[in-house]
Amino acid sequence: MPEIRVTLPDGTSKVFPSGATPQQVGESISPRLAAASLAAKSDGGLVDVYRPLDHDCTLELITERSPDALGIYRHTCAHLMANAVKELFPEAKIAIGPVIEDGFYYDFDRDAPFTPEDLERIEARMREIIARDTPIRRQELPWQEAKALFDRQQEPYKSELAYERGQNEPVSIYRQGAFDDFCRGPHLPSTGRIKPDTFKLLSVAGAYWKGDEHNKMLQRIYATAFLSRKELEEHLTRLEQAKARDHRKLGRDLGLFMLHPWAPASPFFTAKGAIVYNELVDLMREFYREYGYQEVITPQVFDVELWKRSGHYEHYRENMFLAEIDEREFGLKPMNCPGHCLLYGSESHSYRELPLRIADFGRLHRYERSGVTQGLTRVRSFAQDDAHIFCRPEQIESEIRSLFELVRRTYEIFGFVDPHVYFSTRPENSVGSDEIWQRAEAALDGILKAQEAVFTVNPGDGAFYGPKIDFVVKDAIGREWQLATIQLDFNLPERFELSYTGPENAPERPVMIHRAIMGSIERFMGVLIEHFAGAFPLWLAPEQVRLLPIADRHVAYSEVVASRLRGAGLRVTVDARPEKTGYKVREAQLLKIPYMLVIGDRELESASVSLRTRSTGDRGSVTVDTFVEMALRRVESRSLELE
RNA sequence: GCCGAUGUAGCUCAACGGUAGAGCAGCGGAUUUGUAAUCCGUUGGUUGGAGGUUCAAGUCCUCUCAUCGGCUCCA
């Protein structure tokens with residue numbers, strides 16, 4: 001009998017008869033290891049524990065401790081769920097069921113929708129199938145046979161997949177009892193290996209077959225699973241906590257913004273919310289002074305001639321608010337760039353003026369399809385910390401380098417330390433010469449590498465007019481939000497025939513850099529609310545200090561202190577209601593007001609205040625001067641700390 | 001836009017097809033209070049909107065609007 005040599009992770013190797021399984025290899029090391037193995041990794045590829053090994057190879061048994069374990073476990077859970085659905089609803093057709101970041105899902109085609117009660121039944125049936133401890137077995141077969149099998153089972157989606165995948169690779173199916181699934185594997189060796197209290201079905205959602213909106217909409221069941229009950233519970237707790245810092249809930253509870261059905265997806269900022277909003281804008285204005293930007297104000301409504309010239313009428317019209325007035329068609333601006341091109345083009349420019357950095361906080365309106373809008377993070381009416389830099393090609397690199405610094409410095413203030421960077425390169429359908437694209441991409445690439453930034457390349461995902469860099473941060477619920485964007489544009493200057501006079505006294509074409517650091521102020525604020533769970537750093541807090549006089553006789557002194565603080569530029573209120581201190585403290589805490597100053601007889605006598613911070617509670621007595629000095633220092637440095 | 005869910009007082013939630021309610025908030029009064037809820041009283045609603053079924057609709061049906069979870073989209 002032929003023999004094979006199996007090399008283990010510790011470097012040792014053993015000889016086994018050909019056809020030995022990872023399971024058997026494991027048993028030769030330790031029966032406990034074999035029993036704990038979910039799957040195995042051989043020559044870098046994942047295999048089932050019962051898959052015969054037929055040549056010399058490396059082998060690593062995958063236990064729960066392995067990083068590959070969770071994915072395999074979840075994938076087997078997905079099959080288990082589909083198995084249960086088919087038993088309960090034989091008419092449902094199975095589509096695909098992949099593992100995702102926090103769990104897995106499975107798509108089904110069925111006329112009747114799945115109800116929450118159905119989910120409970122499915123979960124219960126999954127546990128029954130676990131109790132049966134049905135073996136799960138892999139079978140490799142020619143794609144024609146796989147397709148024929150699924151045709152017999154009237155599973156059109158699986159049949160289609162078998163046909164498509166079979167053209168390029170060998171195919172396999174996994175069978176557990178009467179349930180067959182088209183799958184690459186590997187899987188746990190039996191349904192009994194899933195622990196019955198480690199998964200949970202979460203929700204039902206519509207999803208198009210193959211993600212194409214022209215295809216049929218299927219029903220997707222989202223679920224999650226972990227290797228232990230404890231981890232599952234921790235995950236569910238995290239979801240609960242995320243809900244508590246949802247900016248839509250906090251926005252209402254803290255009185256920051258509201259929405260009205262008559263202005264769908266267009267937030268109203270209250271006086272408090274507007275304070276936060278304007279502090280964000282002021283921060284950018286401060287940077288603009290330092291970085292040499294000039295701020296402009298441009299119109300909201302333009303004749304569509306502008307949008308035809310810019311290309312928006314052709315490429316962006318479905319996202320624009322259009323209106324016909326006086327037999328003329330107008331469009332509300334969705335972006336500032338075309339307006340800035342008109343501004344640039346309205347006078348002649350010398351190369352000596354460049355780079356020209358034109359900033360604009362103008363309101364933008366984009367018609368977002370109903371169903372895609374969300375709180376502050378996806379809206380129809382918003383402003384960006386938008387700017388367009390008109391420069392010479394050789395200035396691109398230093399401008400972008402400086403933008404990187406600006407992004408880093410801005411995000412640092414909020415404690416966003418690791419935005420993910422995406423670099424999108426030239427798409428198929430693009431404008432501009434090869435030479436200038438190469439230069440643009442090389443510049444971006446060089447800068448990214450020089451920054452030692454970790455970045456992901458999205459080949460061919462750039463704008464048609466130039467490559468772009470996006471910065472993405474994660475919010476409290478793990479959703480990723482694109483904030484900053486930097487785009488190189490050779491197209492609009494061409495379309496608007498922009499020029500400047502070069503050193504040779506000849507007209508030259510400027511390059512445009514579109515850039516936003518916060519992105520949309522609305523979205524940025526939404527992300528910030530979640531990031532801080534509503535507890536804004538002092539400089540952003542709408543109400544920075546609340547004075548809490550203990551009794552009526554302390555109110556007058558409290559007003560004196562309040563005037564002193566207001567005079568120093570702090571945002572202060574006095575809670576003079578005849579309530580107990582505990583009541584006032586509770587309310588101030590719930591509003592996440594950074595500082596509470598309790599004022600009673602002792603403070604009155606010593607011209608002091610008793611300081612309480614929202615984060616650490618009672619800090620004892622300080623003089624008013626000491627408090628003002630400390631608070632101002634925190635505001636001016638935009639500190640994230642309160643003391 | 002598509003699939004599904006939800007919509008009752010400012011907020012959180014009740015109400016079998018049979019008289020729309022509670023707590024908190026608000027308002028009035030009492031209380032003068034030392035670091036997360038003092039007590040009493042009280043206002044508040046075209047049950048998102050429009051139709052329909054029924055003796056009777058918050059409840060059932062149709063349409064519509066908004067929001068939520070996804071899909072698609074997201075220069």
Side-chain angles (χ1 to χ4, degrees), chain A residues 105 107 109-110 112-116 118 202-222 243 246 248-249 252-253 255 258-265 310-312 315-316 318-319 334-335 337-338 366-375 377-379 384 424 427 461-468 470 477 481-482 485-489 491-492 514 516 519-520 523 548-555 576-591 596-603 610-614 616-621:
Chain A
Y105 66 79
D107 286 347
D109 183 3
R110 176 179 177 242
F114 290 112
T115 65
D118 290 338
L202 298 173
S203 60
V204 189
Y208 300 105
W209 167 237
K210 291 181 176 167
D212 184 334
E213 68 177 319
H214 301 295
N215 285 341
K216 182 162 187 189
M217 180 159 275
L218 310 175
Q219 291 189 59
R220 173 171 299 176
I221 300 179
Y222 279 96
K243 231 187 259 177
D246 187 315
R248 291 163 300 194
K249 178 179 164 50
R252 189 179 51 238
D253 291 350
M258 52 98 67
L259 291 159
H260 193 279
W262 288 354
S310 69
H312 287 79
H315 292 106
Y316 207 75
E318 62 281 10
N319 281 293
M335 296 182 196
C337 30
R366 297 183 185 174
Y367 175 75
E368 299 285 356
R369 294 162 93 183
S370 68
V372 308
T373 63
Q374 200 187 50
T377 48
R378 187 85 183 268
V379 294
Q384 295 178 321
S424 299
D461 216 26
F464 66 89
Y465 48 71
K468 62 171 184 167
D470 296 323
I477 316 175
W481 290 108
Q482 184 194 310
T485 184
I486 300 173
Q487 299 156 3
L488 277 189
D489 182 2
N491 182 47
L492 285 182
H514 306 238
S520 132
R523 171 180 291 182
L548 311 179
I550 284 171
D552 289 349
R553 65 179 178 280
H554 308 124
V555 170
R577 294 172 304 172
E579 294 288 348
K580 293 170 73 171
T581 306
Y583 180 88
K584 297 182 185 180
V585 165
R586 175 183 155 81
E587 204 166 282
Q589 282 291 148
L590 291 174
L591 289 171
M596 286 152 265
L597 302 180
V598 178
I599 293 173
D601 291 333
R602 291 201 294 273
E603 289 71 28
S610 176
L611 173 65
R612 177 190 169 95
T613 72
R614 69 176 171 217
T616 47
D618 191 351
R619 307 306 290 159
S621 185

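Note that the structure is a prediction, hence the values are computed from the model and not measured. Chain A is the first sequence line, chain B the second, and so forth, proteins listed ahead of strands; every chain is numbered from 1.
A:Arg366 contributes no side-chain N or O that forms a donor-acceptor pair with the base of B:rC73 under 3.5 Å.
Within 4.0 Å of A:Thr115, counting heavy atoms only, lies no atom of the nucleic acid at all. Using a 4.0 Å heavy-atom cutoff across all strands shown, A:Ala265 reaches sugar-phosphate atoms only and no base atom. If you check every strand for non-hydrogen atoms under 4.0 Å, A:Tyr222 touches sugar and phosphate atoms only. Among the protein residues, A:Ala207 comes within range of the sugar-phosphate backbone only, with heavy atoms under 4.0 Å from sugar or phosphate atoms but none that close to a base. Using a 4.0 Å heavy-atom criterion, one finds that A:His315 contacts the bases of the nucleic acid, with or without backbone contacts as well. Note on A:Arg378: a base of the nucleic acid sits closer than 4.0 angstrom, heavy atoms only. The residue A:Gly375 sits close only to the backbone: its heavy atoms come under 4.0 Å of sugar-phosphate atoms, none of a base.
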Polar atoms only, N or O, under 3.5 Å: list the protein pairs with nucleotides 29-36 of chain B and their distances.
unit_1: B:rU32; atom_1: O2; unit_2: A:Asp552; atom_2: N; d: 3.0
unit_1: B:rU32; atom_1: N3; unit_2: A:Asp552; atom_2: OD1; d: 3.1
unit_1: B:rU32; atom_1: N3; unit_2: A:Asp552; atom_2: OD2; d: 2.8
unit_1: B:rU32; atom_1: O4; unit_2: A:Asp552; atom_2: OD2; d: 2.7
unit_1: B:rU33; atom_1: O4; unit_2: A:Pro578; atom_2: O; d: 2.4
unit_1: B:rG34; atom_1: O6; unit_2: A:Asp601; atom_2: N; d: 2.8
unit_1: B:rG34; atom_1: O6; unit_2: A:Arg602; atom_2: N; d: 3.1
unit_1: B:rG34; atom_1: N1; unit_2: A:Glu603; atom_2: OE1; d: 2.8
unit_1: B:rG34; atom_1: N1; unit_2: A:Glu603; atom_2: OE2; d: 3.4
unit_1: B:rG34; atom_1: N2; unit_2: A:Glu603; atom_2: OE1; d: 3.3
unit_1: B:rG34; atom_1: N2; unit_2: A:Glu603; atom_2: OE2; d: 2.6
unit_1: B:rU35; atom_1: O3'; unit_2: A:Arg612; atom_2: NH1; d: 3.4
unit_1: B:rU35; atom_1: O2'; unit_2: A:Arg612; atom_2: NH1; d: 2.8
unit_1: B:rU35; atom_1: O4; unit_2: A:Ser610; atom_2: OG; d: 2.1
unit_1: B:rA36; atom_1: O4'; unit_2: A:Arg586; atom_2: N; d: 3.4
unit_1: B:rA36; atom_1: N6; unit_2: A:Gln589; atom_2: NE2; d: 3.2

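Put simply, CZ on A:Arg252 is 12 Å from C1' on B:rC68, counting in whole angstrom units. The separation between A:Met258 atom CE and B:rU67 atom P is 12 Å, rounded to whole Å. Distance CD1 (A:Ile221) to C1' (B:rC3): 13 Å, rounded to an integer number of Å. Put simply, NE2 on A:His214 is 9 Å from C1' on B:rU72, counting in whole angstrom units. B:rG70 atom P lies 17 Å from atom CD of A:Gln219, rounded to whole Å.
Out of B:rG69, B:rA66, B:rU72, the shortest distance to the side chain of A:Ser203 is found at B:rG69.
Looking only at atom types and distance, the side chain of A:Gln589 has a donor-acceptor partner in the side chain of A:Arg612 under 3.5 Å away.
Within the structure, every side-chain polar atom (N or O) of A:Arg523 is placed at least 4.0 Å from both OP1 and OP2 of B:rC74. One finds a side-chain N or O of A:Arg248 lying less than 4.0 angstrom from the OP1 or OP2 phosphate oxygen of B:rG69.
A salt bridge links A:Arg577 to A:Glu587: one of the charged nitrogens lies within less than 4.0 Å of a carboxylate oxygen. Salt bridge A:Arg248/A:Asp246: present, at least one basic N to carboxylate O contact under 4.0 Å. Ion pairing between a basic and an acidic side chain is recognised when a charged N comes within 4.0 Å of a carboxylate O; A:Arg553 and A:Glu603 show no such pairing.
Put simply, the side chain of A:His315 never gets that close to the backbone of A:His312: no donor and acceptor are under 3.5 Å apart.
Other residues, nucleotides and ligands place more than 12 heavy atoms under 6.0 Å from the NZ atom of A:Lys210.
Cation-pi geometry between A:Arg110 and A:Phe114 is satisfied (NZ or CZ under 6.0 Å from the ring centre, within 45° of the ring normal).
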**Prompt:** Dot-bracket for RNA chain B, 5' to 3', counting Watson-Crick or G-U wobble pairs under 3.5 Å, with [ ] for crossing pairs and | for inter-strand pairs?
**Reply:** (((((((..((((....[..)))).(((((.......))))).....(((((..]....))))))))))))....
